[in-house]
Each structure stands twice: as structure tokens, then as C-alpha cells.
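A short write-up of the structure that comes next.
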Amino acid sequence: MKRALVPGTFDPITEGHLDIIRRAAQIFDEVVVGVAESPNKGPLFSHEERVELARQATADIKNVSVEPFTELLVEFAQRIDVSVVVKGLRAITDFEYEFQMTALNYELSNEIETLFIMAPPKFMFLSSSIVREIARLGGDVSQFVSPCVETALEQKFGLNSARG
């Protein structure tokens with residue numbers, strides 16, 4: 001059985017993330033979405049909240065599970081017995097960063113392979129930070145996130161639902 005890991009901070013999980021996760025789930029028998037603690041990024045949502053939102057947003061994908069992690073990515077991958085890490089790429093700036101991270105991860109463990117999946121054009125601009133900023137300013141994020149995430153953002157920022 002081929003298992004893959006889709007890691008990220010997911011603050012919050014977006015439709016772009018979900019696109020990569022769904023596509024990975026078509027390639028692999030099982031996909032683990034690894035939610036990194038990432039305290040240095042100063043996330044809006046707690047680690048537990050991000051894990052729960054990822055679980056809710058991926059609940060309809062039968063071969064996907066969600067797990068939190070706090071260790072190095074390669075250590076987490078080894079612990080859960082995954083040899084392939086799947087990363088989404090939106091633009092050349094993503095590639096430069098992910099290229100460096102892949103090289104570093106390879107130095108830490110050459111048993112872990114990285115597979116890149118290109119974002120479709122409709123998600124190439126989308127990021128969690130953009131979603132947070134739109135929501136913070138009271139904008140409609142419904143096309144960018146799952147309903148559970150939209151609700152969580154509204155609660156976090158004390159906004160009324162944009163949904164009618």
C-alpha cells in the first residue's frame with residue numbers, strides 16, 4: 001500500500017490545499033495530512049483548531065486522515081511510515097523555497113521522496129495569509145475555504161456570516 005504525506009501549517013486550510021490533497025488521494029492508497037505546529041509562524045488558529053478544521057474539511061475524502069506533528073518533517077514521515085511527501089506549488093517563489101526544503105530533507109533522510117503537484121490556475125494566487133487578511137477585513141472568503149473554515153474565521157474575527 002502506497003502512503004503519502006501532505007504537510008503544512010494550514011492556517012487555515014484552503015480550497016487550494018484541498019485540491020492538492022484530493023489529487024494526492026487519487027494517486028496514493030492513503031494520504032496523511034500532517035498539520036505542523038509551526039509556532040514561529042504565529043498562527044491565527046491553535047494547533048488543535050487547525051487539526052480539527054483539516055479533519056472537517058477532508059471528511060468527505062475516504063482515504064485521507066489528519067495528524068498533528070511537532071517534530072521535523074522527515075522524523076514525522078518516518079514515524080508514520082511514509083516515504084513520499086506531497087507538496088503543492090503555486091508559483092516560482094514556492095518552487096525556490098520548496099526546492100531548498102526538499103534538498104535539506106534529503107540530507108536528513110534520503111529515504112523520503114518529494115512529489116510536487118502544480119496548483120491549477122484558479123488557486124495559483126491563493127494562500128492562507130490572503131484568506132486571513134480578507135476575512136479580517138470582513139470580506140467574503142466562501143469561495144476560498146470550506147464552510148467550516150469560513151465559520152471559524154467569522155468567529156475568530158467576530159464577524160457576521162456572509163452566507164445568507
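This one's a predicted model, so the numbers in the text were calculated from it and none came from an experiment. Keep in mind that the numbers below use all heavy atoms, side chains included, and drop hydrogens, waters and symmetry copies. In what follows, residues are counted from 1 in the order of the sequence shown.
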Worksheet item: ring pair (Phe, Tyr, Trp, His ring centres under 6.0 Å) with Y97: which residues, sequence neighbours excluded?
Response: none
Worksheet item: Taking C-beta and beyond as the side chain, do K156 and E49 meet within less than 4.5 Å on heavy atoms?
Response: yes
Practice prompt. Please answer whether the main-chain N or O of I130 pairs with a side-chain N or O of S127 as donor and acceptor at a distance below 3.5 Å.
Written response: yes
Worksheet item: S146 side chain to C148 main-chain N or O, any donor-acceptor pair under 3.5 Å?
Response: no
Discussion item. By the ring pair (Phe, Tyr, Trp, His ring centres under 6.0 Å) test, which pairs, at least two apart or in different chains, include something from residues 34-56?
Written reply: none
Worksheet item: Does the side chain of E52 come under 3.5 Å of the side chain of Q56 through a donor N or O and an acceptor N or O?
Response: yes
Worksheet item: Mind checking what makes ring pair (Phe, Tyr, Trp, His ring centres under 6.0 Å) contact with F99, not counting sequence neighbours?
Response: F95
Show the atom names and distances, to 0.1 Å, of all donor-acceptor pairs under 3.5 Å that link a side chain in residues 26-43 to residues at least two apart or in another chain.
| unit_1 | atom_1 | unit_2 | atom_2 | d |
| --- | --- | --- | --- | --- |
| D29 | OD2 | K2 | N | 2.8 |
| E30 | OE1 | R3 | NE | 3.1 |
| E30 | OE2 | R3 | NH2 | 3.3 |
| S38 | OG | T9 | OG1 | 2.9 |
| K41 | NZ | T9 | OG1 | 3.3 |

Practice prompt. Among I117, V66, V6, find the one that has a side chain to side chain contact (heavy atoms under 4.5 Å, CB included) with I21.
Written response: V6
Discussion item. Per the ring pair (Phe, Tyr, Trp, His ring centres under 6.0 Å) rule, what does the pair list look like for residues 114-154, sequence neighbours excluded?
Written reply: F125-F144
Practice prompt. Give a yes or no answer on whether the side chain of S128 reaches the backbone of P12 with a donor-acceptor pair at less than 3.5 Å.
Written response: yes
Discussion item. According to a hydrophobic-cluster definition based on side-chain heavy atoms being under 4.5 Å apart (Ile, Leu, Val, Met, Phe, Trp, Tyr only), do L104 and V86 belong together?
Written reply: no
Item to complete: For residues 60-80, pull every pair meeting ring pair (Phe, Tyr, Trp, His ring centres under 6.0 Å), keeping only residues two or more places apart or in separate chains.
Response: F69-F76
Item to complete: Tell me whether V85 is reachable from I20 by hopping between hydrophobic residues (I, L, V, M, F, W, Y) whose side-chain heavy atoms are closer than 4.5 Å.
Response: no
Worksheet item: Do side-chain atoms of D94 reach the backbone of R90 as a donor and acceptor pair under 3.5 angstrom?
Response: yes
